[in-house]
2 protein chains.
Amino acid sequence: MKISVLGEGMHCRSCHDCTARGFAICAALDKAELRELAQLSRHVRFESGATVFAQANIATSFFSVHAGTLRLYKLLPDSRRQIVGFALPGDFLGLPGLPHHEFSADAVGRVTLCQFPKESFATFAEKRPQLLRRMVELAGHELARAQEHMVLLGRRSAEEKIATFLISWRDRLSGIGRGGEILPLPMKRLDIADHLGLTIETVSRTFSKLERDGVIQTFASGVVLLDAPRAEALSAGVS
Amino acid sequence: MKISVLGEGMHCRSCHDCTARGFAICAALDKAELRELAQLSRHVRFESGATVFAQANIATSFFSVHAGTLRLYKLLPDSRRQIVGFALPGDFLGLPGLPHHEFSADAVGRVTLCQFPKESFATFAEKRPQLLRRMVELAGHELARAQEHMVLLGRRSAEEKIATFLISWRDRLSGIGRGGEILPLPMKRLDIADHLGLTIETVSRTFSKLERDGVIQTFASGVVLLDAPRAEALSAGVS
DNA sequence: TCCGGCGATTGATCTGCATCAACAACATCT
DNA sequence: AGATGTTGTTGATGCAGATCAATCGCCGGA
């Protein structure tokens, strides 16, 4: 894997017509505040596979995803990997109150982010209950997702895991206005495996099975849910 | 299982000498605020096994754990269960921004809680950045724990799961001043199994193995870590 | 056009944990 | 003391998914 970190800075033209605004923390701010926050931030871009930050490093910035997908993962010393989630436009990366990064993040395909220096962001947020409330809210959603994922990892079969992943990925995308007939899967099989607590082989076999059963149709860049109700039933844990 | 819900109210004598203060959200408040918050809250008690709230019900209150242990869990329709965590004194239950409870909570042994009506707590918090920051912080810690648990569920062996559970339980207890030679385990084997994504039999066998290997010694009410370094190594994922 | 590498798929076999089953250790009630 | 329920332990067996291994399709570079 190439680890070409090239976070090249360029000033945010305007947060005004930002496509991720509305989902992001920025939604909690008025125009004046938005302009002030833009002063603190800079836009950065990462190419496919590049590492944005690494687990256990000291966190000096927060990020808000502008475009693209990131994989967030933790490694064990023997290199077993668990992908704890994928970040999409609007997601906030970084936890106030924890000095180190709790996980590593790298780009799945090209990614652009808003970067905020931790210090100045904290001072900015300190006096703005609206923003803080929004952050509590986002953290809450994140936590709920994490708990749902624990159920998946601890108590579901391979087939249920894949079905659940597809359904929740579809729902997340449509939540940010990216719904569509074909469900894009920018991440590789290995990423899916490490997200669901499986191996690549099992992921592949399960995709094949779902395709044989007429639940999905696979393409190079994603899948189509031919039988969404069936997938939803598997995801719900029925049958 | 008996579901005897008897949350009997009684007014909080004083938050001043509360044993959970210092860990809880209350730590962010000064004396005057503390008194004001106490006005909103009431103390409630639940007997062993009682349900404090149930998944998918509308959340009308927040809680702060005062004493005892709770199990927080999600159920699948076919009654598979995943315990997403155990709550201890100082833990905050409830997520602003989500109308329903995301999981069920019931008492492991006798439990006492501070209960806050959601509405009035929200109004109280709205103007207090300190409190909001504390909540972001708590949510962040919770999220970090959840992510660590995903690694456990997705990528660790039964033996590593048990060792990791014991170590992190020990650390949580000592974090709230409950450290000691003997590590109390108020929850049952089935709870541990449903927390770690295992069956009771595997939990029992693994405890037996760790005891045979001289890593732990089991008692009715808990375990002693005879060889903590060995347990920590298993937990770290080495060996 | 051929070659090499990467990702995905498929097959054969192995194994860690689940499942099924019996029993032991206690506590509570009659 | 005996009956009954609850929790935990241990053994025998089965299976879902891991592991090992081969092959295929595709893309980019020589």
Side-chain angles (χ1 to χ4, degrees), chain A residues 1-3 48-49 71 76 78-82 108-109 152-165 184-213 216-223 234 237 239, chain B residues 1-4 47-49 71 76 78-82 108-109 152-165 184-213 216-223 234 237 239:
Chain A
M1 182 187 297
K2 60 183 166 190
I3 310 268
S48 184
R71 60 178 156 257
L76 292 177
D78 62 355
S79 90
R80 278 175 286 179
R81 184 177 72 154
Q82 176 65 44
V108 177
L152 179 148
L153 290 170
R155 286 293 178 235
R156 294 173 107 97
S157 69
E159 193 175 14
E160 290 172 328
K161 283 177 176 180
I162 297 287
T164 305
F165 169 68
L185 294 176
M187 70 294 286
K188 303 187 185 310
R189 292 287 184 269
L190 182 57
D191 293 328
I192 298 177
D194 284 347
H195 186 41
L196 304 182
L198 298 170
T199 58
I200 359 177
E201 293 93 332
T202 301
V203 170
S204 187
R205 273 186 249 275
T206 308
F207 269 103
S208 300
K209 178 175 192 310
L210 289 174
E211 186 154 34
R212 262 198 317 281
D213 295 353
I216 63 173
Q217 187 170 1
T218 62
F219 293 96
S221 58
V223 302
L234 280 168
S239 109
Chain B
M1 184 186 294
K2 60 185 166 189
I3 310 268
S4 61
E47 299 303 322
S48 185
R71 59 176 159 259
L76 292 178
D78 62 355
S79 91
R80 279 176 285 178
R81 185 177 70 155
Q82 176 67 43
V108 176
L152 179 149
L153 290 170
R155 286 297 179 228
R156 297 176 105 101
S157 69
E159 193 176 14
E160 291 173 327
K161 283 177 175 180
I162 298 287
T164 304
F165 170 67
L185 295 176
M187 71 293 286
K188 302 188 187 310
R189 292 287 185 269
L190 182 57
D191 293 328
I192 298 176
D194 284 347
H195 186 40
L196 304 182
L198 298 170
T199 59
I200 359 177
E201 293 94 329
T202 301
V203 170
S204 187
R205 273 186 249 276
T206 308
F207 268 103
S208 299
K209 177 175 191 312
L210 289 174
E211 186 153 35
R212 260 198 320 281
D213 295 352
I216 63 173
Q217 188 170 1
T218 62
F219 293 97
S221 59
V223 303
L234 280 168
S239 108

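Throughout, protein chains are lettered first and strands after them, A, B, ... in sequence-line order, and every chain is numbered starting at 1.
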> Taking 4.0 angstrom as the limit, do A:Arg80 and B:Glu160 come out as a salt bridge?
Replying inline: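 The answer is yes: the pair qualifies as a salt bridge.
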
Can you figure out which of [options] approaches the side chain of [X] most closely?
X        : options                : value
B:Glu201 : C:dC17, D:dG11, D:dG17 : D:dG11
B:Ser208 : D:dG8, D:dT10, D:dG17  : D:dT10
B:Ser204 : C:dA8, D:dG17, D:dT10  : D:dT10
B:Lys188 : D:dA18, D:dG8, C:dT9   : D:dG8
A:Thr199 : C:dT9, D:dT19, D:dG17  : D:dT19

>> Tell me which one of B:Arg205, B:Lys209, B:Arg212 satisfies salt bridge (Lys or Arg N to Asp or Glu O under 4.0 Å) with B:Glu159.
In response: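 Filter result, single survivor: B:Lys209.
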
Expressed as a whole number of angstroms, how long is the span from [X]:[atom1] to [N]:[atom2]?
X        : N      : atom1 : atom2 : value
B:Arg80  : C:dC17 : CZ    : P     : 19 Å
A:Leu198 : C:dA8  : CG    : C1'   : 16 Å
A:Arg189 : D:dC24 : CZ    : C1'   : 15 Å
A:Leu153 : D:dG17 : CG    : P     : 13 Å
A:Phe207 : D:dG17 : CZ    : P     : 15 Å
A:Asp191 : C:dG7  : CG    : C1'   : 12 Å
A:Leu210 : C:dT9  : CG    : P     : 12 Å
A:Ile162 : D:dG17 : CD1   : P     : 10 Å

>> On DNA chain D, does the nearest nucleotide to A:Ala158 precede the nearest nucleotide to B:Arg212 from the 5' side, or the other way round? Give the residue.
In response: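 Final value for this comparison: B:Arg212.
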
> What does B:Ile200 touch in the nucleic acid at a heavy-atom separation under 4.0 angstrom: a base, only the sugar-phosphate, or nothing?
Replying inline: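 Counting heavy atoms under 4.0 Å across all strands, no contact is made by B:Ile200.
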
>> Please find the pair of heavy atoms, one from A:Arg155 and one from B:Arg81, that lie closest to each other, and give the distance.
In response: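 Minimum heavy-atom separation between A:Arg155 and B:Arg81: NE-O, 2.9 Å.
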
> Closest heavy-atom contact between B:Ser48 and B:Gly109?
Replying inline: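 Distance-wise, the nearest heavy atoms are OG-N, 3.3 Å.
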
>> Using only modelled atom types and a 3.5 angstrom limit, is any donor from either the side chain of B:Arg205 or the base of C:dG16 paired with an acceptor on the other?
In response: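 Absent.
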
> With a 4.5 Å heavy-atom cut-off, do B:Leu190 and B:Asp194 have their side chains touching?
Replying inline: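 They are in side-chain contact.
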
> On DNA chain C, nearest-nucleotide positions of A:Val203 versus A:Arg155: which is more 5'?
Replying inline: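 Going by which nucleotide is closer to the 5' end, it is A:Val203.
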
